[in-house]
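Structure first, commentary second.
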2 protein chains.
Amino acid sequence: MAPPQRPATITDVAALAGVSIATASKALNGRGQVRAETRRRVFQAAEELSFQPNALARSLLTGSTRTMGLLTSDSVGRFGIPVLLGAEDAFGAGEMAVLLCDARGDAIREQHHIRTLLTRRVDGLIVVGESTDPRPSISRDLPVPVVYAYAPSDDPDDVSFVPDDVDGAAQAVRHLVTLGRRRIAHVTGPQHYQAAQDRAAGVTLALEEAGLPMSGGQVLYGVWSQRWGRQAAEVILRADPEVDAVVCGSDQIAAGLVEAARERGRRVPEDLAVVGYDNWEVLSTETRPPLTTVDMNLEVLGRTAAQHLFAALGGRATPGVHRLPCRLVIRESTV
Amino acid sequence: MAPPQRPATITDVAALAGVSIATASKALNGRGQVRAETRRRVFQAAEELSFQPNALARSLLTGSTRTMGLLTSDSVGRFGIPVLLGAEDAFGAGEMAVLLCDARGDAIREQHHIRTLLTRRVDGLIVVGESTDPRPSISRDLPVPVVYAYAPSDDPDDVSFVPDDVDGAAQAVRHLVTLGRRRIAHVTGPQHYQAAQDRAAGVTLALEEAGLPMSGGQVLYGVWSQRWGRQAAEVILRADPEVDAVVCGSDQIAAGLVEAARERGRRVPEDLAVVGYDNWEVLSTETRPPLTTVDMNLEVLGRTAAQHLFAALGGRATPGVHRLPCRLVIRESTV
DNA sequence: AAAATGACCTAAAAGGTTTTCGGAAACGTA
DNA sequence: TACGTTTCCGAAAACCTTTTAGGTCATTTT
């Protein structure tokens with residue numbers, strides 16, 4: 001009863017069931033007219049041989065591999081994973097497989113991966129960036145649809161999905177205003193990041209809506225690190241000792257800021273409310289107190305991108321940059 | 001000069017070059033005898049049509065897809081990524097592709113993924129676990145080789161690669177002993193984790209080597225969180241106020257412990273040296289001071305697993321659980 | 001009884017590549 | 001000229017599946 005060396009083919013099944021391979025195929029796929037009794041025999045034979053249809057042969061014939069390529073440049077980490085999970089969800093369980101390539105930020109490597117993915121005849125491509133800055137399009141002359149997630153393509157004819165950072169940051173400010181905070185500062189990453197600019201724009205917008213000034217008079221740009229958060233705490237407290245809330249451009253910055261503020265005698269959230277960004281759980285739930293933060297809904301973004309790719313396979317694509325809403329997660333760092 | 005609707009096949013290339021498809025194939029693959037002049041013509045034709053050989057057809061014929069499945073249960077996160085990167089490195093650039101599936105800890109889903117991977121005729125499988133606890137084997141009757149990474153298979157005939165946690169923890173202790181520390185405590189995660197047991201065993205072993213007692217008299221088991229690290233700091237300082245070093249079972253625990261110890265007036269590293277575990281950079285480099293920690297070399301582990309899978313494809317497998325060395329990364333939390 | 005219908009099944013083609021084996025030319029040797 | 005060698009190339013098979021276009025037989029209709 002050892003398993004056969006060569007896996008069983010449909011020819012073996014047909015022979016065992018005493019029918020032609022055409023009938024066997026139709027029986028197994030529920031197509032065409034085949035008597036119930038015959039169908040049963042075929043299924044039994046397939047079971048007995050533990051027949052697994054060869055996806056290669058099928059794809060060669062039908063032209064569709066039910067496979068998509070996921071091309072990332074962020075080491076599949078922070079942004080690639082949610083997209084992957086979303087993609088797996090979007091296509092019915094196990095219907096689509098994901099071929100994963102990491103370009104590691106290298107354009108040459110990216111080109112190479114694209115070629116091998118095309119060689120393998122993927123049905124479509126999802127390109128995931130590591131920041132929300134626009135990236136070069138790869139869609140030119142590609143025979144399959146491409147969807148960009150997180151980092152939009154610089155070609156407006158492409159389809160891109162990005163988080164709506166402007167609105168996300170604005171939500172954070174509106175939440176603080178609702179809580180009665182009036183002197184709100186903003187600490188974020190490097191100014192050349194689109195994400196930093198968008199979040200700053202959102203903060204500014206919501207402050208104007210509420211008729212409030214920005215505490216300290218300006219956005220504090222720095223880097224995306226905990227260390228900068230600690231430094232920024234000093235800067236802010238010196239510039240405006242009465243500051244009662246800070247919106248941070250990342251959870252890392254927020255974690256550092258909370259720590260340094262407490263060391264300077266400010267209670268969080270009583271004296272100083274702090275909002276993070278990213279909802280990176282290892283940070284946002286483990287700080288003391290846990291962080292109110294903006295979640296970019298990356299899984300939804302990934303799922304949406306995948307669904308859109310699916311639609312694009314059918315020829316129904318909606319070009320442009322689509323901004324997906326963020327979600328404010330309220331924890332104990334704001335009251 | 002619009003790109004052709006249907007991608008060019010080798011037949012098209014052969015026709016354009018004025019040779020048979022057999023000759024075209026041999027010319028392109030550098031096999032068989034074909035005149036230099038002919039080869040040139042074929043290459044030129046392929047270039048002109050931007051011919052990409054159809055990997056499906058090739059695989060169907062040769063029986064090898066140059067694809068491996070990566071099956072994870074940790075949402076591809078902490079452990080799956082390094083393995084993926086290592087695997088990509090191990091096979092020459094772009095030679096092998098990785099088909100990625102996430103079972104999300106669900107056995108049913110795992111079975112399903114295995115079936116679809118087999119249907120797609122992967123050449124081999126790497127199974128990545130989310131802890132170092134042994135997991136059920138899936139290799140029974142599978143027609144392709146399987147290698148387990150991080151979580152070993154419970155079948156000793158399978159091939160598994162795990163970090164050598166016993167030695168990793170021992171390294172940490174030996175380092176502290178070298179620095180002159182004499183009252184060393186150990187705080188780690190839940191006792192039912194193999195990782196917690198192994199690390200505790202390593203600490204115990206190295207303390208015995210040095211003829212030192214364990215500060216506090218026993219290992220402190222808890223959970224893998226920053227919060228537990230903070231609690232543990234109190235426990236330790238109460239149990240042995242003279243404690244001068246702590247080995248932690250994770251960077252998260254270490255981060256919490258450092259924070260709480262400093263609040264209780266202990267300087268790190270002068271009064272209390274702290275070692276973490278994992279070298280999870282978002283924590284280990286951002287704490288104050290940055291953490292000395294044990295790096296499990298997950299990328300090396302992934303690469304090794306992939307290389308071994310490659311060897312197994314050629315029939316050369318070395319069954320058993322292979323323990324790979326960890327590496328102590330020294331930063332400022334120990335002096 | 002002859003013709004038409006319907007149910008069920010099969011032969012064969014198609015998809016693109018690699019490889020084996022034999023054939024054809026070109027050339028050197030007897 | 002006849003023959004052996006070498007060099008290069010092509011015909012065809014093989015990989016496995018799905019689908020199309022019929023084909024066979026039993027049953028119903030005229």
Side-chain angles (χ1 to χ4, degrees), chain A residues 4-43 45-46 49-67 115-116 118-123 143, chain B residues 4-43 45-46 49-67 115-116 118-123 143:
Chain A
Q5 261 334 55
R6 231 175 21 79
T9 74
I10 199 171
T11 309
D12 304 328
V13 174
L16 183 57
V19 296
S20 73
I21 56 173
T23 304
S25 172
K26 279 184 292 193
L28 291 171
N29 296 306
R31 247 179 286 276
Q33 331 226 47
V34 47
R35 210 173 3 156
E37 155 65 11
T38 311
R39 186 181 306 274
R40 202 191 51 70
R41 279 214 320 280
V42 172
F43 268 101
L49 300 170
S50 56
F51 166 69
Q52 303 258 87
N54 185 325
L56 297 170
R58 173 185 289 157
S59 295
L60 181 56
L61 190 58
T62 64
S64 148
T65 54
R66 303 185 154 288
T67 305
R115 285 189 69 89
T116 70
L118 289 181
T119 282
R120 288 168 186 276
R121 295 296 191 267
V122 293
D123 291 338
Chain B
Q5 265 328 61
R6 232 177 18 82
T9 74
I10 199 171
T11 309
D12 303 328
V13 174
L16 183 57
V19 297
S20 73
I21 56 172
T23 304
S25 172
K26 279 183 292 195
L28 291 170
N29 297 306
R31 246 179 285 278
Q33 331 227 47
V34 43
R35 207 167 13 148
E37 155 63 12
T38 311
R39 187 182 306 274
R40 201 192 51 71
R41 279 214 322 279
V42 172
F43 268 101
L49 299 170
S50 58
F51 167 69
Q52 303 258 87
N54 186 324
L56 297 170
R58 173 184 291 161
S59 296
L60 181 57
L61 188 57
T62 64
S64 148
T65 54
R66 303 186 154 290
T67 305
R115 285 189 68 91
T116 71
L118 289 181
T119 282
R120 287 167 186 276
R121 295 298 191 267
V122 294
D123 290 338

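Residue numbers begin at 1 in each chain, while the letters A, B, ... track the order of the sequences. As the structure is a computational prediction, the values presented were derived from the model and not from experiment.
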Spacing of B/Phe51 atom CZ and A/Thr119 atom OG1 [to the nearest 0.5 Å]: 9.0 Å
In Å and rounded to the nearest 0.5 Å, what is the CG to CG distance from B/Leu61 to A/Leu56? 11.0 Å
Output one line per pair: protein atom, nucleotide atom from nucleotides 19-22 of chain C, and distance, for all N/O pairs under 3.5 Å.
| residue | atom | partner | partner atom | Å |
| --- | --- | --- | --- | --- |
| C/dT19 | OP2 | B/Arg31 | NE | 3.0 |

Note: chain A reaches DNA chain D at heavy-atom distances under 4.0 Å over the stretch, first to last nt, 5' to 3', of D/dC16 to D/dT19
With sequence neighbours left out, the residues meeting side chain to side chain contact (heavy atoms under 4.5 Å, CB included) with A/Leu118 are A/Ile114, A/Leu142, A/Pro143, A/Val144, B/Gln52
Please name all residues satisfying side chain to side chain contact (heavy atoms under 4.5 Å, CB included) with A/Ile21, sequence neighbours left out, ordered by chain then number. A/Ile10, A/Thr11, A/Ala14
Assign each of A/Thr9 and B/Ala24 to its nearest nucleotide of DNA chain D by heavy atoms, then name whichever residue's nucleotide is nearer the 5' end. B/Ala24
Could you say whether A/Gln33 or B/Ala57 is positioned toward the 5' end of DNA chain C, judged by the nucleotide with the nearest heavy atom to each? A/Gln33
Contacting residues from residues 34-41 of chain A, given that a heavy atom lies under 4.0 angstrom of DNA chain D: none
Note the angle between the end axes of the helix from C/dA1-D/dT30 to C/dA30-D/dT1, five pairs defining each, rounded to 10 degrees. 70°
Applying salt bridge (charged side-chain N to carboxylate O under 4.0 Å, His left out) as the test, list every pair that has at least one member in residues 9-38 of chain A; sequence neighbours left out. A/Glu37-A/Arg40, A/Glu37-A/Arg41
Which residue pairs pass the salt bridge (charged side-chain N to carboxylate O under 4.0 Å, His left out) test when at least one of the two sits in residues 55-66 of chain A, sequence neighbours left out? A/Arg66-A/Glu95
If every non-hydrogen atom of A/Val19 is compared with every non-hydrogen atom of A/Ala24, which pair is closest and at what distance? CG2-N, 4.1 Å
Can you give me the closest heavy-atom contact between A/Arg39 and A/Gly32, atom names plus distance? NH2-O, 4.5 Å
If the condition is side-chain hydrogen bond (donor to acceptor under 3.5 Å, both in side chains), which residues does [X] pass it with, not counting sequence neighbours?
X: A/Ser25; answer: A/Asn29
X: B/Thr67; answer: A/Arg120
X: B/Ser64; answer: B/Asp123
X: B/Thr23; answer: B/Ser20

